[in-house]
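Here the structure is laid out as structure tokens; the discussion comes afterwards.
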Amino acid sequence: MNGKRVLITGATNGIGAQAALELAKMGADVVIVGRDANKTRKVRNDLQAQSGNSTIDILVADLSSMDEIRRIAAEFREKYDRLDVLLNNAGAVFSDYQKSADGYEMTFALNHISYFLLTHLLLDILIQTSQEQGEARIVNVSSSAHTNATLRLDSLRNERGYSFMNSYGASKLMNVQFTYELARRLADTTVAVNAVHPGLVATGFGHNTGGLWSNLIKIAQKLFAISPQKGAETLVYLAASPEVTGISGKYWNEKQQKRSSDNSYDREQQKRLWEFSAEATGVG
């Protein structure tokens, strides 16, 4: 990974921070994205010290906001003309219905739109890098929570009947469907895009839901969760391993290709999600 540039969202804790550390140890030039400036700077400093790699940069943004996504994409473009790996990892679950700055349900805005929009805004750099270097990669962090989910495009501005578990599952289904549709659209390039289920990881994820669900998540993590180091393994594998060169449009878990849900392969749903997302963001 020496000389390769990697951009990682949601990289100030959990598997995002761990992936940043491992890739930095491999010699990659890493750019991490976080929401809180002080925390992001501290994580950058910690990663530099732990990895022995000083080429770690930061971008600060609330990725639930399209304006913020556009701003950091512009900041990246001003500084860099190479991007070998885009690792879309930012995500959360929200116990109560919230609207993003753009008027969409927050889970959809952060967990899907941030992937879709940031990828589009940096896609030309990824393609250019792939032409010059032989390949570039996009890794979309999804979850097995997508398995029983359904696409919920008609309820993204409607608070009625909100369920955070349904919304989260739907957003993770979108990650997989976006991956498959994007892979088809990039078939004539050397940019590969894959989705990954990292597993149940012992992080702070879901602790903000409050009440019973927060306690249940904490108990499940205590009993069954894997470490962030283990959870990041497949992310790093898809970002760096020569074994996956040229493999695109797949869903991965534990460094193995897996079958995702039947819904995720529905071409009409994939197309509908793409068109909805393109209209919401104003990009193609």
Side-chain angles (χ1 to χ4, degrees), residues 9-10 15-16 33 62-66 68-69 86-94 97-123 138-159 161-186 192-198 205-206 235 238 248-253 258-284:
T9 68
I15 59 174
V33 182
D62 176 355
L63 294 180
S64 70
S65 164
M66 296 185 206
E68 294 271 291
I69 296 168
L86 172 60
L87 205 169
N88 288 308
N89 170 66
V93 59
F94 300 92
Y97 181 88
Q98 299 179 40
K99 276 192 175 180
S100 71
D102 304 290
Y104 289 99
E105 191 274 315
M106 188 66 81
T107 315
F108 168 77
L110 179 60
N111 293 12
H112 168 64
I113 285 296
S114 74
Y115 286 25
F116 184 90
L117 182 55
L118 187 60
T119 299
H120 275 79
L121 294 175
L122 299 177
L123 192 56
I138 302 166
V139 181
N140 294 324
V141 177
S142 181
S143 167
S144 63
H146 86 277
T147 304
N148 296 313
T150 56
L151 202 60
R152 302 174 60 254
L153 299 179
D154 58 344
S155 62
L156 294 173
R157 293 178 181 269
N158 187 356
E159 183 175 357
Y162 175 76
S163 160
F164 76 84
M165 291 301 290
N166 288 343
S167 295
Y168 179 73
S171 74
K172 295 292 103 179
L173 174 62
M174 292 173 189
N175 295 157
V176 181
Q177 291 180 330
F178 167 54
T179 298
Y180 293 163
E181 181 67 21
L182 181 59
R184 271 193 298 275
R185 292 172 181 248
L186 294 175
V193 52
N194 289 282
V196 57
H197 166 54
F205 183 83
L235 280 66
L238 292 174
S248 188
K250 304 299 181 183
Y251 176 76
W252 297 76
N253 177 223
K258 304 289 186 180
R259 180 172 173 82
S260 53
S261 70
D262 290 345
N263 258 354
S264 68
Y265 295 103
D266 188 313
R267 291 286 298 274
E268 285 304 311
Q269 287 190 26
Q270 294 167 14
K271 182 180 178 182
R272 203 149 43 91
L273 173 63
W274 187 280
E275 292 172 348
F276 186 97
S277 304
E279 182 177 355
T281 59
V283 301

Q: Mind listing the closest non-hydrogen atom pair of Thr281 and Ser277 along with its distance?
A: OG1-O, 2.8 Å
(Q) Is it the case that atom CG in Asp102 sees more than 12 heavy atoms from other parts of the structure closer than 6.0 Å? (A) yes
Q: Would you kindly check if the NZ (Lys) or CZ (Arg) of Arg185 is within the cone defined by 45 degrees around the ring axis of Trp274 and under 6.0 Å from the six-membered ring centre?
A: yes
Q: Quick one: closest heavy-atom pair of Thr9 and Ala90, and the distance?
A: OG1-N, 2.9 Å
Q. What heavy-atom pair brings Ala183 and Ser248 nearest, and what distance separates the two atoms?
A. CB-OG, 3.6 Å
Q. So, for Ser260 and Val176, which heavy atoms are closest and what is the spacing to 0.1 Å?
A. OG-CG1, 3.9 Å
(Q) Is there a side-chain contact (heavy atoms from CB on, under 4.5 Å) between Ile138 and Leu123? Walk through the geometry before answering. (A) CA-CA 10 Å; Ile138 302 166; Leu123 192 56; 4.3 Å; yes
**Q.** Min side-chain heavy-atom separation Leu235-Val141 under 4.5 Å
**A.** yes
Q) Can you check whether Asn253's main-chain N or O pairs, donor with acceptor, with His197's side chain at less than 3.5 Å? A) no
Q) Under 3.5 Å, side chain of Asn140 to main-chain N/O of Asn88, donor-acceptor pair present? A) no
Q.
I'd like to know if Glu181 and Arg184 make a salt bridge, using a cut-off of under 4.0 Å between side-chain N and carboxylate O.
A. yes
Q.
For His112 and Phe178, take the angle between the two ring planes, folded into 0 to 90°, and tell me which bin it lands in: parallel under 30, tilted 30 to 60, perpendicular over 60.
A. perpendicular
Q: Compare every heavy atom of Ser167 with every heavy atom of Tyr162, then report the nearest pair and how far apart it is.
A: CE1-OG, 3.1 Å
Q | Minimum-distance pair of heavy atoms, taken over all atoms of Val93 and Phe164 | A | CG2-CD1, 3.2 Å
